[in-house]
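Remarks on the structure that follows.
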Amino acid sequence: MEKLSSQEREFVKEITPKSEDFAQWYVDVIRKADLIDYAPVKGCMVIKPYGYGIWERIQEAFDRRFKETGHQNAYFPIFIPESFFQKEAEHVEGFAPEVAWVTHGGGEELTERLAVRPTSETLICAMYSKWIQSWRDLPVLINQWCNVVRWEKSTRPFLRTTEFLWQEGHTAHRTEEEAEEEALRMLEVYRERVENILAIPVIAGQKTEKEKFAGALRTYSIEALMGDGRALQAGTSHNLGQHFAKVFDITFLDQDDQLKYVWQTSWGVSTRLIGALIMVHGDDRGLVLPPKVAPLQVVVVPIAPRKQREMVLAEARALAVGLEDRVQIKLDDRPEYTPGWKFNDWEMRGVPLRIEIGPRDIEKGQVVLVRRDTGEKTAVSREGLETRVVRELEDIQATLFRRAKRFMDENTHQAETFAEIKEILEERRGLIWAGWCGKRECEDAVKEETGATIRCIPFEQPEGTMKCVCCGKGESRKVVFARAY
RNA sequence: CGGGGCGUAGCGCAGCUUGGUAGCGCGCCUGCCUUGGGAGCAGGAGGUCCCGGGUUCAAAUCCCGGCGCUCCGACCA
């Protein structure tokens, strides 16, 4: 027993405890779960197969909903001519500092520099201008999955990398109402997927002028709370209004014989969601993956003493085969590792459910189930195992969401003064509800004084009124402040 | 982009103060042995000491410059 506990300590040493140093814990988990490797170019990472597997699960889940809401996938080029990029003033100003430029091609200097897309609005708008003539061409509902590049000053795996993977939806509509509906519809898709698939509770709302997307009329977002009490924007949706349509001349002849500009939206989620998964669900033993995004949902670890090795492996194999139609399952039959080593390895990687099977279990016609979320071990009968496993996975998914929701609730506070905001941020962090009159000066002042920014103006406003936390003006909107990633 | 920490074998680190044969743990390879929470023994392989200059008879070590990772701030999915 004593030996066991010392081994456990030894093991845990490889991952810095979350409470000791959250940032270090985060990179330790990423390393031990084998999600990425650092690439030779600053701020770039290789997403390794296991990490990419998570992204694939996220893609599947989101893509399905995009299709269900009438969108089609397409692909636009990575290079954008400088002249296109320059057209929308606010947009350029917002993105210019972080654009990577291609100046040479085939050994010769280009006559016009090419931007490596930081986002594709400008190029896609240029194309829409050609494609859209009539009200009958609308709406255009296109999404693309791609990489984008933003030359960031400081980078962190998944949270902010020079190149990242995402999807960007770009739609064009006949009316302002339609565009607004679309922007909100897609934000709701994000909310639903992030909560139900990633098991991360979020707050949906509108961004302030200060925080909105460069060139948008209005920006909406879903905001999540990380384990260290900082907020993370998990997805955004923009009503672009007619800014881009006017600049790129995207017009259509309406039914009333009038030439009009389209109304547009764009919306995106990125590999940053993987960072959110890690920071919301992970624990001191490593990654914890909700079953619906886990590349591997169940791992079977055979306990195979030499003399019974073949017998146990055969049973384990049969077990895995019996489940493979229902769940993503893998049999870990590597002979060079001990069961204990495998337990730790798969736990670090966040596999939701482990099945242990050894001679003693076989004798009793049972297996041992071990949940990653609770660590709970249960001996269950092989009879009806399939149903049990599926049910267990569903319960893990639900438990993770419930746990994250409770954490968010417990770390959501109210403040009426700067001092209160400061105190909360210093002692507990988390999300802070406060009143805001709507003035930029007040928003800036809070940031200046406390470091907290307005994450969003939530759609769901609590009862009652609050005074502006800065200027004291009554009848203010209730907004959520936090320190953000 | 400012401030701090770090860069030595695949990973984690010691050595650097006070210059003089490059080390430890884990991992890896071979064999034996073993499997219910990171087993054991024996043998073995593996190094541009981040890069470039400089000082010196001699640099992982001292000096200058760069790059990268990381944390904290300013800017962003």
Side-chain angles (χ1 to χ4, degrees), chain A residues 1 3-16 21-24 26-28 31-32 34 37-45 94-99 118-119 148-168 190 207 210-211 213-214 219 221-223 232-238 266-276 285 301-309 312-313 333-348 354 356-362 367-368 370 375 377 379 447-448 451 453 483-485:
Chain A
M1 194 61 206
K3 190 183 177 199
L4 179 85
S5 65
S6 82
Q7 279 171 347
E8 297 246 352
R9 269 200 301 277
E10 191 68 16
F11 154 71
V12 165
K13 234 165 51 179
E14 295 192 344
I15 296 177
T16 306
D21 182 347
F22 193 85
Q24 188 57 48
Y26 177 75
V27 292
D28 286 350
R31 193 185 70 243
K32 294 308 290 183
D34 203 27
D37 197 358
Y38 293 103
V41 179
K42 178 179 162 61
C44 292
M45 60 180 184
F95 281 101
E98 51 195 43
V99 171
T119 178
V148 286
V149 168
R150 296 183 187 177
W151 222 260
E152 301 286 354
K153 313 270 172 154
S154 68
T155 57
R156 300 184 68 189
F158 294 117
L159 298 175
R160 187 175 302 112
T161 47
T162 301
E163 178 188 15
F164 59 94
L165 305 182
W166 76 346
Q167 60 67 216
E168 46 179 330
Y190 288 164
K207 284 289 192 185
K210 177 185 163 84
E211 302 274 337
F213 176 75
T219 290
S221 76
I222 49 172
E223 303 285 331
L232 183 85
Q233 179 174 304
T236 51
S237 179
H238 318 288
S266 70
W267 26 275
V269 295
S270 72
T271 35
R272 182 180 249 197
L273 286 177
I274 298 175
R285 315 212 83 188
V301 177
I303 317 295
R306 172 184 268 282
K307 286 178 187 148
Q308 297 163 87
R309 191 177 151 75
V312 173
L313 282 183
D333 57 1
R334 293 175 291 178
E336 66 270 32
Y337 294 112
T338 62
W341 192 94
K342 293 174 185 174
F343 298 164
N344 288 313
D345 192 43
W346 294 114
E347 278 170 12
M348 285 189 291
R354 175 170 81 236
E356 302 175 13
I357 180 166
R360 297 208 295 270
D361 301 308
I362 293 167
V367 297
V368 174
V370 186
K377 287 191 184 189
K447 185 173 184 184
E448 185 72 25
T453 51
R483 274 197 221 263
Y485 272 97

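A quick note: this is a predicted structure, and the numbers were derived from the prediction, not measured. All chains are named by letter (A, B, ...) in the order of the sequence lines, taking the proteins before the strands, and each is independently numbered beginning at 1.
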Heavy-atom protein contacts under 4.0 Å, nucleotides 70-77 of chain B, coded B base, S sugar-phosphate only, - none: SS--BSBB

Sugar-phosphate only, base, or nothing, as touched by A/Gly268 at under 4.0 Å among non-hydrogen atoms: nothing

Name the atoms and distances for all side-chain donor-acceptor pairs under 3.5 Å in residues 151-163 of chain A, with sequence neighbours left out.
{"from": "A/Thr161", "atom 1": "OG1", "to": "A/Glu163", "atom 2": "O", "distance (Å)": "2.8"}
{"from": "A/Thr162", "atom 1": "OG1", "to": "A/Lys42", "atom 2": "O", "distance (Å)": "3.1"}
{"from": "A/Glu163", "atom 1": "OE2", "to": "A/Asn147", "atom 2": "ND2", "distance (Å)": "2.7"}

Position toward the 5' end of RNA chain B (nearest nucleotide), A/Ile362 or A/Glu336: A/Glu336

Sugar-phosphate, base or nothing in reach of A/Val368, heavy atoms under 4.0 Å: base

salt_bridge(A/Arg31, A/Asp28) N-O dist < 4.0 Å: yes

Touch class at under 4.0 angstrom, heavy-atom based, for A/Arg334 against every strand present: nothing

Under-4.0 Å side-chain N/O to phosphate OP1/OP2 contact, A/Arg306 with B/rU34: yes

Rounded C1' spacing from B/rG66 to B/rU30 in Å: 44 Å

Gap between atoms CZ and P, on A/Arg31 and B/rG10 respectively (whole Å): 15 Å

A/Glu347: which of A/Lys342, A/Arg354, A/Lys32 passes salt bridge (charged side-chain N to carboxylate O under 4.0 Å, His left out): A/Arg354

Under-4.0 Å side-chain N/O to phosphate OP1/OP2 contact, A/Lys42 with B/rC69: yes

Parallel, tilted or perpendicular, as decided by the 30° and 60° cut-offs, for the rings of A/Tyr190 and A/Trp267: perpendicular

